[in-house]
Amino acid sequence: MSDAAAVTVAVLDDLRLESDELDLLVAGLGAGGWAGPTPAEGWTVAHQIAHLNWTDEVALIAVTEPDGFAAEVDRALAAPESFVDRAAAERVALLSPEALLAQWRQDRTRLHRALRDAPAGARFPWYGPPMSVASMATARLMETWAHGQDVADALGVARKPTARLRHVARIGVRARDYAYFVRGEQPPGEPFRVELEGPGGEVTGYGPEDAAQRVTGPLLDFCLLVTQRAHRDDLALEAVGSDAGHWLDIAQAFAGPAGPGRSPKGDR
């Protein structure tokens, strides 16, 4: 197996584990738990799972029917600010919690199989640039973890960070320039150094070691920041350099418009 193939298999395995962990959080919930509010305004626990299910479905279209995916892009362009919320709300209205959970399990399994069976070097259309198997799986893992965090926060559950967070962090680092572009800003010309300490004490570095602009801190905190699940003031991230500092104020790992983020805990 080539190095690239091994990386792809590892990401797919981690995506399955991340999905299974979230499944355990919601599987035993009653109707009241599914209807409980999450930190995302207007979204219940059911909305979070509905969104993941919808995204798995459109990802499956991109993988198995790439020509048909153009219709999904057209729908997004017709309502760029609301199509995601509308898709989740429609699914919650149509499906009971039991049916929604079953649908999510079925569709994420189908997507997982389709990605595993995709030929080497395959690329799939998406809402931005085409994605490889590894990129698609990493993006799904990032979303599953982030929306899983919303569910955990709603339920008052403290999740144990895992090494799977390295995938989320990698997207956050790679999306640095995108965070500027989506706000109409010009990204810095020089690379940054990012050093993150994982749950086992291991440190992962990105960018040149001698870069003047630097970000350091816990891997978990960086992932919470770039998925906009926590405010910078509540995290143990440190920036050296004004450009690095500004990036921490605007960073996002997800595609689409810049989100409002979360307010500091002291303001809630």
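The CZ atom of R164 lies 7.0 Å from the CG atom of L141; values are rounded to the nearest 0.5 Å. Put simply, CZ on R170 and CG on L196 are 13.5 Å apart, with the number rounded to the nearest 0.5 Å. In this structure, the separation between CD on Q103 and CG on L94 is 11.0 Å, given to the nearest 0.5 Å. Atoms CG and CG, from L95 and L100 in turn, are 6.0 Å apart once rounded to the nearest 0.5 Å. The OG atom of S19 sits 7.0 Å away from the CG atom of D56 when rounded to the nearest 0.5 Å. Summarising the geometry, atom CD belonging to E72 is positioned 5.0 Å from atom OH belonging to Y127; distances are rounded to the nearest 0.5 Å.
Closest approach of A154 and V45 over heavy atoms only: CB-CG2, 4.2 Å. Closest of all the heavy-atom pairs between A163 and P199 is N-CG, 4.1 Å. Across all their heavy atoms, D221 and A236 have their closest contact at OD2-N, 2.7 Å. A pairwise comparison of heavy atoms in A88 and A50 identifies O-CB, 3.7 Å as the closest pair. Contact detail for L237 and G217: the closest heavy-atom pair is CD2-CA, 3.9 Å. Shown here for T64 and A114, the closest heavy-atom pair between the two residues is CG2-CB, 4.1 Å.
Under the 4.5 Å side-chain heavy-atom criterion for Ile, Leu, Val, Met, Phe, Trp and Tyr, F192 and I250 are members of the same hydrophobic cluster. One hydrophobic cluster, built from ILVMFWY side chains closer than 4.5 Å, cannot hold both L52 and V168; they sit in different ones. Residues V7 and L165 are members of separate hydrophobic clusters, defined by side-chain heavy-atom contacts under 4.5 angstrom among Ile, Leu, Val, Met, Phe, Trp and Tyr. With hydrophobic clusters built from ILVMFWY side chains whose heavy atoms lie under 4.5 angstrom apart, V157 shares a cluster with L29. When hydrophobic clusters are built by joining Ile, Leu, Val, Met, Phe, Trp and Tyr residues whose side-chain heavy atoms come closer than 4.5 Å, directly or via intermediates, W104 is not grouped with L60.
Environment of CD in E185: crowded, with over 12 heavy atoms of neighbouring residues, nucleotides or ligands closer than 6.0 Å. When the shell of 6.0 Å around CZ of R174 is examined, it contains 12 or fewer heavy atoms from other residues, nucleotides or ligands. Annotation for R116: atom CZ counts as buried by contact number, over 12 foreign heavy atoms lying within 6.0 Å.
A donor-acceptor pair under 3.5 Å is absent between the side-chain atoms of R214 and the main chain of R193, judged by distance alone. Judged by distance alone, the side chain of Y178 and the main-chain N or O of G256 form a donor-acceptor pair under 3.5 Å. With R232 contributing its side chain and L248 its backbone, the two residues share no donor-acceptor pair below 3.5 Å. Distance alone, capped at 3.5 Å, places no donor-acceptor pair between the Q252 side chain and the A179 backbone.
E202 has no carboxylate O lying under 4.0 Å from a charged side-chain N of R166, or vice versa, which leaves the two without a salt bridge. With respect to E18 and R159, a salt bridge is recorded, a charged nitrogen being found less than 4.0 Å from a carboxylate O. A salt bridge is defined here as a Lys NZ or Arg NE, NH1 or NH2 lying under 4.0 Å from an Asp or Glu carboxylate O, and R108 with D20 meets this definition. Under the 4.0 Å criterion applied to side-chain N and carboxylate O atoms, D23 and R16 are not assigned as salt-bridge partners. Taking a cutoff of 4.0 Å between a charged side-chain nitrogen and a carboxylate oxygen, R176 and D243 do not qualify as a salt bridge.
Using a 4.5 Å heavy-atom threshold, the side chains of F124 and P66 count as separate. Using a 4.5 Å heavy-atom threshold, the side chains of W247 and Q213 count as separate. Contact check for L12 versus R140: no side-chain heavy atoms found under the 4.5 Å cut-off. Side-chain contact between P257 and E81 is present, with at least one heavy-atom pair separated by less than 4.5 Å.
Relative orientation of the W126 and F69 rings is parallel, given thresholds of 30° and 60° on the angle between their planes.
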Assess whether side-chain contact (heavy atoms from CB on, under 4.5 Å) is satisfied between L224 and L220, documenting all intermediate values.
-> CA-CA 6 Å; L224 290 168; L220 172 61; 4.0 Å; yes

Working for side-chain contact (heavy atoms from CB on, under 4.5 Å), residues V226 and I171 = CA-CA 9 Å; V226 298; I171 292 182; over 6 Å; no

Verdict with reasoning, W34 to T44, per side-chain contact (heavy atoms from CB on, under 4.5 Å) = CA-CA 7 Å; W34 281 91; T44 64; over 6 Å; no

Are T8 and L115 close enough, and set up right, to give a side-chain contact (heavy atoms from CB on, under 4.5 Å), and what steps lead you there?
-> CA-CA 9 Å; T8 298; L115 289 171; over 6 Å; no

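If you check the side chains of Q48 and D150, you find a donor sitting under 3.5 Å from an acceptor. Judged purely by distance below 3.5 Å, without hydrogens or angles, the side chains of T109 and H112 never pair a donor atom with an acceptor atom. Using a 3.5 Å distance cut-off with no hydrogens or angles, the side chains of W54 and D107 do not pair a donor with an acceptor.
Residue F222 is tested with T216, T227, V173, T204 for a side-chain contact (heavy atoms from CB on, under 4.5 Å); the sole match is V173.
Between W145 and H167, a ring centre-to-centre spacing not shorter than 6.0 Å is recorded.
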